[in-house]
Amino acid sequence: MNNTLGKNVKVTLFGESHGKYIGAVVDGLPAGIPVDEERIASALSSRRPHGNISTSRCEADEYTIASGTFRGFTCGTPLCIIIPNADTKSADYDGTARPGHADFTSHVRNAGFEDYRGGGHFSGRLTAALVAAGAVVRGALEAKGIFIGTHIASIGGVFDRPFCNTVEDVKSVKDSPFPVLDPEAGEAMKKIIEDAKSDGDSVGGVLECAVCGIPAGVGEPWFDSAESAISHAVFSVPAVKGVEFGAGFALAAMRGSEANDPFVIKDGGIATETNNCGGILGGLTTGGDVVFRAAVKPTPTIFKKQKTVDLSSGCETETSQTGRHDPCVVHRAASVVTAVTAFAVADMLVSRYGEEYLRP
Ligand SMILES: Cc1cc2nc3c(=O)[nH]c(=O)nc-3n(C[C@H](O)[C@H](O)[C@H](O)COP(=O)(O)O)c2cc1C
């Protein structure tokens, strides 16, 4: 199985939800990138469960940087971050295939040898390592004036306002555990999550992510288009089931005259007046904000009764899960989407300009 993302800046994930550690190894970062521990802690805190709307599994994420740094900077060797799993309750898992989760597919692929506890290698728990490593890459990008942020566009039919003054908006949601631009909408979303939770059910939603400050001409035509690279990374986030750039699927119902983004001169350079293309044309960045949305499905593990098959007997049965689960993963996935987007963007930039580009 392949667990590595990227061609130039590569991140490899390892671990299982109830194993001793999870972690990430980042290859391809040049020496000299600051490794700011406060930045890593702040990013991890935004992903950690908060309050009544998240799982009660509470991991302190006391990470260790096992290699790749010297005197607070990357030193040109693989950067390895490991995080212990300290708050596990394996008795909650009996190997039943939870509908909507990866238990069945993992069982087939691993011929019954899989560690199914807490979803094993397929658990959202592993995203902590992505967020920690992504914080280092985000720091390198920010030093180049490239800012990435994600907010909750909608949950259960309640909508946040879209990004408008994008850089300020992106900075305003930075490392927020419930990133919204309209606090009132945020409260209504939390209520929807609480209602689903009290029904023993779950809800999904949509995340909107923006990359501000990326130069024009980054990406590749055809197969490694900027859309392909970013969506490849974003689809690796557990529970993401759809990605659209700019006006996305709504473009299909527009006329060309509505959909096209007119070119104008802005601040002495060529820019698009609107951004229906999501900052990408022909697979290459336009120099405008790269904007996309990711659909996040409702958390698979729910307490309601559902049909399933017992994987050991091969017989149909019913399951109603117990244990500790997120009634909604949308807000927790936001920091993960930001992190993997940072990896995809760093990878594209190194492909275009070489690894020196990332050194401050
Ligand atoms: C941060 C985060 C936390 C998650 N927590 C849970 C959880 O508590 N329970 C659960 O069933 N799924 C959870 N998920 C989603 C599952 O990991 C995911 O749906 C599953 O691995 C199947 O993958 P797929 O939905 O991408 O096909 C979480 C996802 C993320 C990103």
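By convention here, the first residue in the shown sequence is residue 1. Both counts, for ligands and for their atoms, begin at 1 and track the order of listing.
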>> I want to check something: taking the side chain as every heavy atom from C-beta on, are Glu114 and Phe122 in contact at a cut-off of under 4.5 Å?
In response: no
> Below 6.0 angstrom between ring centroids: does that apply to His151 and Phe163?
Replying inline: yes
> Protein residues near ligand 1, heavy-atom distance below 4.0 Å?
Replying inline: Arg47, Gly100, His101, Phe122, Gly124, Thr127, Pro238, Ala239, Lys241, Lys297, Thr299, Pro300, Thr301, His325, Asp326, Val329, Arg332
> Linking Ile, Leu, Val, Met, Phe, Trp and Tyr through side-chain heavy atoms less than 4.5 Å apart, which residues share a cluster with Phe104?
Replying inline: Val108, Leu311
>> Looking at every non-hydrogen atom in both residues, tell me the closest pair between Met348 and Ala229 and how far apart they are.
In response: SD-CB, 4.0 Å
Atom pairs and distances, donor-acceptor, side-chain atoms in residues 279-288, under 3.5 Å, two or more places apart:
{"from": "Thr285", "atom 1": "OG1", "to": "Pro215", "atom 2": "O", "distance (Å)": "2.6"}
{"from": "Thr285", "atom 1": "OG1", "to": "Gly217", "atom 2": "N", "distance (Å)": "3.2"}
{"from": "Thr285", "atom 1": "OG1", "to": "Val218", "atom 2": "N", "distance (Å)": "2.8"}
{"from": "Thr285", "atom 1": "OG1", "to": "Val218", "atom 2": "O", "distance (Å)": "3.4"}
{"from": "Thr286", "atom 1": "OG1", "to": "Gly288", "atom 2": "N", "distance (Å)": "3.0"}

>> According to side chain to side chain donor-acceptor pair (under 3.5 Å), does anything in residues 216-229 pair up with another residue at least two apart or in another chain? List the pairs.
In response: Lys7-Asp224, Glu220-Ser351, Ser225-Ser228
